[in-house]
Amino acid sequence: MSNTPPPDATLHDWQRAASKSAPENNLDNLIWHSPEGIAIKPLYTATDTQDLPFTHSMPGFAPFVRGPQATMYTTRPWTVRQYAGFSTAHESNLFYRQALANGAQGISVAFDLPTHRGYDSDHPRVTGDVGKAGVAIDSVEDMKILFDHIPLDQVSVSMTMNGAVLPVLAAYIVTAQEQGIATEKLSGTIQNDILKEFMVRNTYIYPPQPSLRIIADIIEYTSQHMPKFNSISISGYHMQEAGANSALELAFTLADGKEYVRTALNKGMDIDTFAQRLSFFFAIGMNFYLEIAKLRAARLLWWRIMQSFSPKDQKSSMLRTHCQTSGWSLTQQDPYNNIVRTTIEAMAAIFGGTQSLHTNAFDEAIALPTDFSARIARNTQLVIREETHITQVIDPWAGSYMMEKLTQEISEQAWDIITEIDRMGGMTYAVESGWAKLKIEAAAAEKQARIDSGQDVIVGVNKYKLDQEEPIAVREIDNEATRTAQIQRLVQLKKSRNPQHVKEALAALTHAAQTDTGNLLALSVDAIRARATVGEVSLALEHIFGRHRAQSSAVMGIYGGIMEKNQDAQVLWQAIKNNIADFAQQFGRQPRIMVVKLGQDGHDRGAKVIATAFADLGFDVDIGPLFQTPEEAARQAIENDVHALGISTLAAGHKTLVPAIITALKEQGAQDIVTFVGGVIPQQDHAFLYASGVKGIYNPGTPITSCATDILEKIRHAQTAKSFFAAPKNQAQ
């Protein structure tokens with residue numbers, strides 16, 4: 001047998017061979033365009049990478065494309081994290097301790113929405129939110145329970161907190177000190193990324209400018225007293241969850257980071273004293289190839305950005321990141337498919353070189369994860385780490401013609417966006433102007449249209465659907481019991497503390513905010529140690545900074561534009577528009593709906609997509625401001641004379657807040673307004689909501705065309721009945 005290899009086929013040879021199999025002999029039909037608009041070819045060759053400057057770089061060396069550490073996972077695998085928090089500090093503590101015993105290496109804390117927004121559990125605006133989407137923390141006494149029997153000098157703690165970042169981080173510091181642990185031994189991360197909140201997640205408290213001062217004070221304090229602790233986690237995760245594609249997520253995240261570096265430098269800090277403790281946080285979705293390329297490109301671009309600040313230490317230019325598998329990609333339909341999705345996303349994060357990883361549980365599109373589903377999520381990482389030998393090769397995709405080319409292409413696309421932001425004057429302006437938020441909302445509307453039109457397949461949702469969904473067990477949080485327990489603890493705390501010490505500590509905090517003196521984190525530590533509450537510390541600053549109020553708006557034309565161009569979807573789309581026109585002719589005006597968020601749930605992707613799609617169909621659409629109480633939303637719906645009120649809920653407060661708004665409508669004589677609910681609502685809660693007066697429930701994955709058709713019919717029925725009963729008796733007869 002000859003050892004001589006056959007002669008190499010050329011690209012031209014391949015094109016001729018492939019054209020025989022390609023539909024209509026057109027190779028362009030084999031090219032797929034990613035959500036970022038990047039053309040993914042069916043074949044890549046050496047010609048695609050011959051001019052790339054970074055393909056011969058090494059891991060651990062600038063520009064760090066192949067990883068921030070020389071040996072990567074071969075000597076130290078990524079940190080396995082468990083992100084969780086629910087109900088009381090005691091319940092969450094038991095979960096953390098069990099997770100650590102079963103292989104988790106770090107804790108990631110999810111706080112409830114009142115804590116995020118700087119409200120104590122007894123505040124009247126948070127009745128439906130306490131303990132529902134995270135753990136309720138009102139004081140250092142709660143924080144001490146949260147970390148009971150968890151050695152904070154040995155366990156890395158990540159806290160997703162931005163709005164009430166000062167009192168929460170202060171409570172963590174005081175907890176460690178009262179455990180007898182020196183502050184300099186603490187390791188972990190505080191998210192502390194407020195610019196992102198104004199774009200997508202909306203758990204802000206203060207306006208952008210004072211919020212940036214808080215960030216600078218935290219960076220300063222931690223660099224002086226907590227050398228092992230990451231002072232900020234610059235997060236793109238929530239941008240992707242809100243609809244951003246990979247290029248937008250990458251660009252906005254790095255532009256945020258650039259703004260935070262400038263903020264710290266303006267405070268007089270040296271770049272090398274804090275830059276090494278900046279960390280990043282990216283979402284990993286089902287866009288497999290681009291997610292790997294995104295992490296490689298992130299390191300390249302951050303190195304490029306940091307060169308403009310002239311650091312002396314190479315580590316100051318190194319991007320280190322945590323990743324989390326996508327929550328948005330999880331489906332309520334056929335939910336066991338989510339185990340596969342999470343595994344694929346975890347592989348992309350690992351191939352991309354993440355430093356730590358949280359894998360979502362398969363039931364998180366329905367409710368908070370159960371112990372059963374959380375164990376599967378955690379073990380997904382352990383199986384990859386222990387059984388696949390993936391950790392034994394550094395950057396296994398390096399040298400791939402495709403991966404190197406995609407790394408370049410997403411880098412260039414993200415860099416163009418960063419350059420555009422710089423021309424505006426920086427990310428703070430891009431956020432304050434609303435430009436960045438609208439970019440993300442446009443991408444979200446486009447993605448939803450692609451799913452609803454069938455262009456993007458979601459298994460179990462718009463293809464290969466089950467005829468009958470079997471219910472699965474979910475974790476149920478008793479909101480009322482949790483809130484009652486928290487209020488009792490607050491009463492006990494206020495009885496046992498020295499009120500004069502608390503008053504003086506809070507006054508010092510307010511004075512520092514007013515005079516722009518002192519370090520706000522150091523003063524918050526003093527206040528928390530005196531047993532001031534999270535709400536009291538937040539309010540002490542709110543007296544000076546104020547509380548931010550966002551303007552609600554939505555993009556128009558994107559969803560409808562895609563539906564009208566799609567042959568399979570345009571017939572149904574036009575039929576609904578015709579029905580809306582018929583309604584307007586029959587009743588004298590367009591069907592009018594108002595879309596609202598209730599309580600402290602600021603995740604508004606679903607609400608904004610519904611608003612833009614319904615407007616494109618021809619509905620008159622109002623969008624309520626964030627953080628309304630049920631009574632406020634009901635009053636606005638009546639004042640706006642709407643036919644229907646849509647409530648978007650993602651934070652599990654629906655069993656408290658939805659009945660409350662229906663009651664408020666009835667009390668104000670507006671029971672004819674059709675109320676419908678969309679979002680994360682377990683099947684077992686549907687009967688309760690229907691009994692409360694809800695007319696329609698639409699879970700994630702329900703096509704918007706189906707929602708619109710159903711809601712229009714219910715509005716028509718309600719208006720017909722209203723006209724009948726309003727007519728004179730002889731006319732009605």
Side-chain angles (χ1 to χ4, degrees), residues 124-129 202 549-554 580 583-602 604 606-615 617-649 651 653-679 681 688-698 707-708 710-728 732:
R125 299 194 73 87
V126 303
T127 54
D129 296 306
N202 300 310
R549 299 283 189 271
Q551 297 296 318
S552 293
S553 60
I580 290 171
F583 178 97
Q585 186 172 10
Q586 179 180 357
F587 294 101
R589 63 182 179 123
Q590 305 295 108
R592 186 167 190 173
I593 70 167
M594 181 170 138
V595 181
V596 300
K597 301 284 297 184
L598 299 178
Q600 301 306 305
D601 176 13
D604 60 354
K608 290 299 184 65
V609 169
I610 286 291
T612 185
F614 273 51
L617 275 167
F619 284 83
D620 280 341
V621 181
D622 297 325
I623 305 174
L626 290 173
F627 313 124
Q628 285 184 303
T629 65
E631 294 74 21
E632 289 167 345
R635 186 163 56 251
Q636 184 181 358
I638 294 168
E639 290 171 353
N640 291 8
D641 193 20
V642 303
H643 297 111
L645 181 62
I647 304 159
S648 172
T649 174
H654 50 272
K655 291 180 73 173
T656 301
L657 297 170
V658 174
I661 198 171
I662 292 174
T663 298
L665 288 171
K666 289 179 179 177
E667 289 176 348
Q668 298 178 60
Q671 57 268 20
D672 59 302
I673 292 179
V674 175
T675 304
F676 60 95
V677 186
I681 306 162
F688 171 85
L689 292 177
Y690 282 127
S692 300
V694 169
K695 300 302 182 184
I697 300 173
Y698 311 102
C707 298
D710 191 44
I711 291 167
L712 181 63
E713 183 59 33
K714 287 179 167 61
I715 292 174
R716 188 188 299 275
H717 182 271
Q719 292 304 302
T720 301
K722 183 179 179 181
S723 299
F724 177 82
F725 289 111

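Remember, predicted model here, so these are calculated numbers, not experimental data.
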Item checked: Inter-residue atom distance I715.CD1 - T720.OG1, 0.5 Å rounding ->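 Reported to 0.5 Å precision, the distance equals 11.5 Å.
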Within a strict 4.5 Å, meaning less than it, do heavy atoms of the [X] and [Y] side chains meet?
X    : Y    : value
D604 : S648 : no
T127 : T629 : no
I697 : H654 : no
H643 : R589 : yes
Q719 : Q586 : no
V642 : I593 : no
I681 : Y698 : no

Check: Would you find a donor on one side and an acceptor on the other, under 3.5 Å apart, between the side chain of Q590 and the backbone of G618?
Finding: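 Indeed, once roles are kept as given, a pair shorter than 3.5 Å links the two residues.
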Note to self: If we ignore hydrogens and angles and just use 3.5 Å, is the side chain of R125 paired with the main-chain N or O of F627 as donor and acceptor?
What the structure shows: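 Yes; at least one donor-acceptor contact below 3.5 Å.
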Which residues satisfy the side-chain hydrogen bond (donor to acceptor under 3.5 Å, both in side chains) test with [X], sequence neighbours excluded?
X    : result
R592 : D622
T656 : N479
K695 : none

Notebook entry, point to check: Does F688 have K655 sitting over its ring (NZ/CZ under 6.0 Å from centre, angle to axis within 45°)?
Noted result: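 Yes, K655 and F688 form such a contact.
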Expected list for residues 661-672: side-chain donor-acceptor pairs under 3.5 angstrom, two or more places apart:
unit_1	atom_1	unit_2	atom_2	d
T663	OG1	P659	O	2.9
Q668	NE2	A664	O	3.4
D672	OD2	K722	NZ	3.3

Checklist line | Over 12 foreign heavy atoms within 6.0 Å of CD, Q585 | finding: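 Not buried by this count: 12 neighbours or fewer within 6.0 Å.
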Residues 606-614 side chain polar contacts: donor-acceptor under 3.5 Å, at least two apart:
unit_1	atom_1	unit_2	atom_2	d
K608	NZ	E441	OE2	2.7
K608	NZ	S553	O	3.0
T612	OG1	V555	O	2.4

Next item on the list: Specify the closest pair of heavy atoms between Q628 and A633, including all atoms of both residues, with the distance to one decimal.
Entry: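 Scanning both residues, the minimum pair turns out to be OE1-CB, 3.5 Å.
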Notebook entry, point to check: Out of I647, L626, I623, which residue meets the side-chain contact (heavy atoms from CB on, under 4.5 Å) rule with V596?
Noted result: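 Exactly one option meets the side-chain contact (heavy atoms from CB on, under 4.5 Å) with V596, and it is I647.
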Check: Between F676 and D710, does a side-chain contact (heavy atoms from CB on, under 4.5 Å) hold up when you go through it step by step?
Finding: CA-CA 10 Å; F676 60 95; D710 191 44; over 6 Å; no
Next item on the list: Please list, chain by chain and in numerical order, all residues satisfying side chain to side chain contact (heavy atoms under 4.5 Å, CB included) with L657, sequence neighbours excluded.
Entry: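 Result, side chain to side chain contact (heavy atoms under 4.5 Å, CB included) vs L657: D129, L598, P630.
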